Each structure stands twice: as structure tokens, then as C-alpha cells.
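Structure first, then comments.
This one's a predicted model, so the numbers in the text were calculated from it and none came from an experiment.
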Amino acid sequence: EVTLKESGGGSVQAGGSLRLSCSVFGDAYVNNFEAWFRQAPGKGREGVAAIYTRGGNTYYAESVKGRFTISRDKVKNTLDLQMNNLEPEDTAMYFCAAGKLYSSGSEALLDNWYDYWGQGTQVTVSS
């Protein structure tokens, strides 16, 4: 069993930065991918960034490439998302997730692969 808990959300002006952190508890080794998703009001859940925990390969949505960086701290056992140059369109509830993919990394941003989810942390970007 794996439990995930996010922290680090908040409000920031456009152009600012935030760092989200997801504490991973339990048998994390059973999964091979961890990811961040987001959901804005009235919209579906969107994959933002993912990491292959056994090799370090990373995957990003086009909308965040060059601005967001996903990383895994194996000492602290956290999944982090550094978000720079934030835009109002980044406003959403952000969720961390963990799962085991039996496919290539090209599907790492699809939520159907992920079995474990955190409760979410709100990010609000004002213009």
C-alpha cells in the first residue's frame, strides 16, 4: 500500500515560482512511475509531469516544458515539482500519483495507469 501527501501549494502572481512536494509513504518500490496531475475548475484531469523512478527519465506536458521540473528525492522520499514562470492558466488543484506502467513512457501522463493518488494541493496564479 502506498500513501501520498502533497504540500507547497499557494497563491502567486504571474511570473512567480512555487515548489510542490509529495511525501511518499509505504511500498513505493512496487511502482515504476510517479507523476503530477492537475485539474482546473470545469476541466478534466491533465498530466503535467512524470518520472520513471527506476531510471530517472522525465516526461512533460507541452504546456509546462521549460517551466516545470519534476524530481525524486530518494533520501527524503519525496516527489517534487518546481514550477517557474507561472501563468494564470496554471491555476488548478495539483495531485501527485504513483503507479506501474506496462507501456512506454509515452503514456506516462495518462491517469489510467496510476493507482495511488494524493488529496491535492491548490495552486492559484493571478495576473
Side-chain angles (χ1 to χ4, degrees):
E1 187 68 23
V2 175
T3 303
L4 307 172
K5 183 172 177 59
E6 303 93 340
S7 61
S11 297
V12 65
Q13 288 191 325
S17 298
L18 282 174
R19 187 176 183 87
L20 305 183
S21 188
C22 174
S23 296
V24 182
F25 304 97
D27 300 329
Y29 64 90
V30 302
N31 301 305
N32 61 358
F33 272 85
E34 294 174 353
W36 286 95
F37 289 80
R38 67 186 181 187
Q39 188 165 18
K43 294 187 176 181
R45 191 158 54 190
E46 173 191 20
V48 175
I51 186 167
Y52 177 55
T53 59
R54 299 176 186 177
N57 303 58
T58 56
Y59 307 84
Y60 295 95
E62 285 296 325
S63 59
V64 306
K65 276 184 182 177
R67 300 189 297 122
F68 290 13
T69 303
I70 189 171
S71 60
R72 187 63 161 85
D73 189 322
K74 294 186 177 180
V75 174
K76 296 181 180 179
N77 215 19
T78 59
L79 176 71
D80 301 317
L81 185 68
Q82 177 66 41
M83 305 186 294
N84 298 328
N85 194 19
L86 283 160
E87 303 169 351
E89 293 75 20
D90 296 317
T91 295
M93 184 72 78
Y94 283 71
F95 301 87
C96 61
K100 190 170 179 64
L101 270 69
Y102 295 97
S103 178
S104 69
S106 63
E107 297 190 9
L109 297 181
L110 299 180
D111 61 2
N112 56 286
W113 290 107
Y114 294 87
D115 297 316
Y116 303 100
W117 293 83
Q119 293 183 325
T121 186
Q122 178 67 37
V123 171
T124 302
V125 184
S126 58
S127 57

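Hydrophobic clustering, with ILVMFWY side chains joined whenever heavy atoms are under 4.5 angstrom apart, keeps Val123 apart from Leu4. Linking ILVMFWY residues whenever their side-chain heavy atoms come closer than 4.5 Å, directly or via other members, places Leu18 and Leu81 in the same cluster.
Applying ring-ring contact (aromatic ring centres under 6.0 Å, His included) to Phe37 and the options Tyr114, Tyr94, Phe95, Trp113 leaves one that passes, Tyr114. Of the residues listed (Val125, Thr124, Val64), the one engaging Leu86 in a side chain to side chain contact (heavy atoms under 4.5 Å, CB included) is Val125, and it is the only one. Across Leu20, Asp90, Thr91, a single residue satisfies side chain to side chain contact (heavy atoms under 4.5 Å, CB included) together with Arg38, and that is Asp90.
At least one donor-acceptor pair under 3.5 Å links the side chain of Arg54 to the backbone N or O of Tyr29.
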Quiz prompt | Candidate pair Tyr116 and Thr3, rule side chain to side chain contact (heavy atoms under 4.5 Å, CB included), full reasoning | solution = CA-CA 7 Å; Tyr116 303 100; Thr3 303; over 6 Å; no
Practice problem: Start with the C-alpha distance between Trp36 and Phe68, add both sets of side-chain angles, then the distance that settles side chain to side chain contact (heavy atoms under 4.5 Å, CB included), and finish with yes or no. | Solution: CA-CA 11 Å; Trp36 286 95; Phe68 290 13; over 6 Å; no
Exercise. Mind running side chain to side chain contact (heavy atoms under 4.5 Å, CB included) on Tyr60 and Ile70 for me, showing each step along the way?
Key: CA-CA 9 Å; Tyr60 295 95; Ile70 189 171; 3.4 Å; yes
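Within a 6.0 Å radius of NZ in Lys5, no more than 12 heavy atoms belonging to other residues, nucleotides or ligands are found.
Atom CD of Glu6 and atom CH2 of Trp117 lie 10.0 Å apart (nearest 0.5 Å).
In this structure, a donor-acceptor pair under 3.5 Å is present between the side chains of Gln82 and Arg19.
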